[in-house]
Structures are given as structure tokens and as C-alpha cells.
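Below, chains carry the letters A, B, ... as their sequence lines are ordered, and counting in each starts from 1. Please read all numbers here as calculations on a predicted model, not as lab measurements.
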Protein chains: 2
Amino acid sequence: MRIGEAAAAVGMTTKAIRFYEDRGLLPPAERSANGYRDYAHDTVSRLEFIRRSQLAGLSLAQIQGILRVRDNGITPCTHVQDVLGKQLMDLDRQIAELTALRATVAEHYATAEAADPECCDAEQICSYV
Amino acid sequence: MRIGEAAAAVGMTTKAIRFYEDRGLLPPAERSANGYRDYAHDTVSRLEFIRRSQLAGLSLAQIQGILRVRDNGITPCTHVQDVLGKQLMDLDRQIAELTALRATVAEHYATAEAADPECCDAEQICSYV
DNA sequence: ATTGACCTTCCACCAAGGGGGAAGGTCAAG
DNA sequence: CTTGACCTTCCCCCTTGGTGGAAGGTCAAT
């Protein structure tokens, strides 16, 4: 199948598919006699795996790591578990950071609600932040 | 004061200060006879305001908006409250998104822990994602 | 007079994940 | 035989918040 069909099959753009090939997430495509990329059906599975992984918030680099393991003939289960574990820790860290930031901003907001606008000192631009 | 002194006073790089000027967060600097930027003391306050605002997670565009209001001679209190309110909503949205993503990833992770590695189907690369 | 520490401008680069569009080749249908 | 829909490679563009370096000017101290 040609790149446009593969793209339509998984709901990606042809640009994205070429980009993934360029980044090493897809092996260099087979070519038809006219030079067009010619994909086997398993490429669709691979693209769908990339999509599922992205939905799990994995970066292309992480996805590439998993695919490389699979391409070496090893079942990537252990590696995937590692990556998912790291991803969980990373998400927890991000959520904690955002939650802390939210508390700070909420505090500023409460100050701004309670304060007297006339007390604004031009020197420090704004005392609520 | 010269740019290096201003930078040292607030713990920024000279690069960052020129960048802020370029982005319109600072007015075009006064120049000494030799062409060097020559800052008045209130620039330091302005830079500190920028820093405080960044610590509250505001983007340079948002900070610029606040400074523009202040530069128009208006006390930016109301505008700042608006921006902080938007920031709170934005943070809540981001936290909700990350929390939902975390739940998804945790589910994948639990599946991976419970599943039999031998059931791995090469066709779909990895059934845990 | 020359070194060193400043300063100036401008241009390039980084993360991530692609999108836009040019210039050109290929192929089937009307 | 020409039109339209594909495909190819190529390079530039976007976001945000800067950083790095080159090429050159300025100034105080040695």
C-alpha cells in the first residue's frame, strides 16, 4: 500500500509517516518500481502502536526505544513496563509541580481579591504577584 | 547602571534582559554616550516583577499584557486578577488532563504487571499499550 | 600599547512534533 | 493529451524562553 493509504488507514498525515521514518520509528520503506513507498500491512499495526503510545503520553524517543527492542526480536514487555513506570513517576512529578503552582497562584488570587486597589504601588508594578 | 549590573542585581543574564527588551517587556533602553544601555533603578523593579510573574507560571505574553496596562498609567489590579483567574483555570485543566493520563498509564501498567509475557503478540508490538 | 572585562548587533540553535509549500515525477481516466 | 490526484525530496516555519558564539567597539588598568 502507498503512503496515502497507510495514512488514511490510521488517521495520520503522510507528513507524519515520513517524519517517523526519518526519526527511525519506521524502518526505511520498501519502494515500488516508481520510487513510491510501498508498505506491508504490519506497518499499519506499527503506526497504530505509535498512536496508542502517544495517547499514553510517551515521547517518540520512548516509543522508538520500545520498537527497537521489538525489532531485535525480544518481546518488549519488561522494557515497556520500565517505560510505563518511569512515565507514572514523571506524571506524578508534573502533577505535584502543577498542584504546588496552583496553590501559589490561588494565594496570589486571594490576596488580589481581598486587597485594596488603591494600595497599588507603581514601583513594584503589582503587589499581587 | 549598565546591563551587566542590572543582570547581576536580579540574577538574570544580560541575554535575557536584551531578550525582554526585544519582546517589549522592557521599553527601549536609554543609551550612554558610548551606546551602552543605561538603566534607571526602576528597571530592576520591573525585572523583579517579571521574575515573580514567571514564578507564578505566567507567560511572557501575559506579563507583557500586565506591564502594558501599568505603562498606560492604569493600576493593573483588575487585569492581574483576570490573568490570575485564567491561570487558575488553565492549571486546573492541565492538572485534570495529567491526572486522566496518569489513570490511563496506571491501567496499562497494572495490565502489564498482571499479564503473561508469553502472550505477547508480535503483530501489535505490545499489548500493554 | 595592550590586555581583559565590558558592551554592541546579528545569526544560529535547542527541546517536540510535526505542518506548509515548492519543484518535479508518475499514473489512470476523460 | 491533458488534467488531477497521487507521489518524491527539500528546506523553511511554528511554539516558548531563552543560550551560544562571531565580529567588532569601549574603557580602565597595567
Side-chain angles (χ1 to χ4, degrees), chain A residues 1-26 28-39 43 46-47 49-67 83 86-87 90-91 93-94 97-98 101, chain B residues 1-26 28-39 43 46-67 83 86-87 90-91 94 97-98 101:
Chain A
M1 69 197 314
R2 292 186 306 185
I3 195 170
E5 302 173 70
V10 295
M12 287 176 179
T13 63
T14 59
K15 286 277 192 189
I17 295 180
R18 291 194 197 93
F19 179 71
Y20 295 154
E21 177 179 330
D22 192 54
R23 288 296 177 90
L25 280 88
L26 297 177
E30 299 292 309
R31 301 294 178 136
S32 313
N34 56 15
Y36 290 9
R37 285 176 179 78
D38 186 19
Y39 290 111
T43 300
R46 200 171 173 103
L47 291 171
F49 172 74
I50 294 175
R51 264 171 61 82
R52 290 198 310 273
S53 303
Q54 282 193 305
L55 286 178
L58 300 187
S59 68
L60 294 187
Q62 289 175 313
I63 301 170
Q64 189 188 6
I66 297 171
L67 288 169
V83 171
K86 281 199 185 64
Q87 179 71 353
D90 204 44
L91 286 171
R93 189 185 45 73
Q94 286 182 50
E97 278 174 14
L98 284 180
L101 181 56
Chain B
M1 69 198 314
R2 291 186 306 187
I3 194 171
E5 302 173 70
V10 295
M12 287 176 178
T13 63
T14 59
K15 286 278 191 187
I17 295 180
R18 291 194 198 94
F19 179 71
Y20 295 153
E21 178 179 329
D22 192 56
R23 286 296 175 90
L25 280 88
L26 297 177
E30 298 294 310
R31 299 296 178 133
S32 313
N34 57 16
Y36 289 8
R37 286 176 179 79
D38 186 20
Y39 291 110
T43 299
R46 200 172 173 104
L47 290 172
E48 280 168 348
F49 172 74
I50 293 174
R51 263 172 65 80
R52 289 199 309 274
S53 302
Q54 283 192 303
L55 286 178
L58 300 187
S59 69
L60 294 187
Q62 289 175 313
I63 300 170
Q64 189 188 7
I66 296 171
L67 289 169
V83 171
K86 280 201 185 65
Q87 180 71 352
D90 205 44
L91 286 170
Q94 286 183 49
E97 278 175 13
L98 284 181
L101 181 56

Legend entry - Value in whole Å for how far the C1' atom of D/dT8 lies from OH of A/Tyr39: 12 Å
Inset, instruction - Could you state the atom-to-atom distance from CD of A/Glu5 to C1' of D/dC6 in whole Å? - result: 10 Å
Legend entry - Residue whose closest nucleotide on DNA chain D lies nearer the 5' end, A/Thr14 versus B/Arg23: A/Thr14
Inset, instruction - For the pair A/Arg23 (side chain) and A/Ala61 (backbone), establish whether a donor and an acceptor sit closer than 3.5 Å, ignoring hydrogens and angles. - result: no
Inset, instruction - Round to the nearest Å and state the distance from A/Phe19 atom CZ to D/dC11 atom P. - result: 16 Å
Legend entry - C/dG17 phosphate, OP1 or OP2, under 4.0 Å from A/Tyr20 side-chain N/O: no
Inset, instruction - Ignoring backbone atoms, test whether A/Thr13 places a side-chain nitrogen or oxygen under 4.0 Å from the OP1 or OP2 oxygen of C/dG18. - result: no
Legend entry - Chi angles and distances behind the side-chain contact (heavy atoms from CB on, under 4.5 Å) call for B/Leu101, B/Glu97: CA-CA 6 Å; B/Leu101 181 56; B/Glu97 278 175 13; over 6 Å; no
Inset, instruction - Round to a whole Å and report the spacing from CD1 of B/Ile17 to C1' of D/dG17. - result: 15 Å
Legend entry - Most 5' of A/Gln54 and B/Gly4 on DNA chain C, judged by nearest nucleotide: B/Gly4
Legend entry - N/O donor-acceptor pair, side chain B/Lys15 with base D/dG17, under 3.5 angstrom: no
Inset, instruction - Report the distance from atom CG of A/Asn34 to atom P of D/dA5, rounded to the nearest whole Å. - result: 19 Å
Legend entry - d(CG, B/Leu26; C1', D/dG17) in whole Å: 14 Å
Inset, instruction - Would you kindly compare B/Ala61 and A/Arg18 by the position of their nearest DNA chain D nucleotide and give the one closer to the 5′ end? - result: A/Arg18
Inset, instruction - Indicate yes or no for a side-chain donor-acceptor contact from A/Gln87 to the backbone of A/Ala56 under 3.5 Å, with no hydrogens or angles considered. - result: yes
Inset, instruction - Drop me the distance from A/Leu67's CG to A/Tyr20's OH, to the nearest 0.5 angstrom. - result: 11.5 Å
Inset, instruction - Examine C/dT9: is either OP1 or OP2 under 4.0 Å from a nitrogen or oxygen in the side chain of B/Arg31? Give yes or no. - result: yes
Inset, instruction - First locate atom CE of B/Met12, then atom CZ of B/Arg51, and finally report the distance between them rounded to the nearest 0.5 Å. - result: 6.0 Å
Inset, instruction - Would you indicate, yes or no, if D/dC7 has its OP1 or OP2 atom less than 4.0 angstrom from a side-chain nitrogen or oxygen of A/Arg37? - result: no
Inset, instruction - Check if the side chain of A/Tyr36 and the base of C/dG25 share a donor-acceptor pair of N or O atoms closer than 3.5 Å. - result: yes
Inset, instruction - Mind calculating the distance between CZ (A/Arg51) and C1' (C/dG18) to the nearest angstrom? - result: 15 Å
Inset, instruction - Return the value, rounded to whole Å, for the distance between atom CG of A/Asp22 and atom C1' of C/dG19. - result: 14 Å
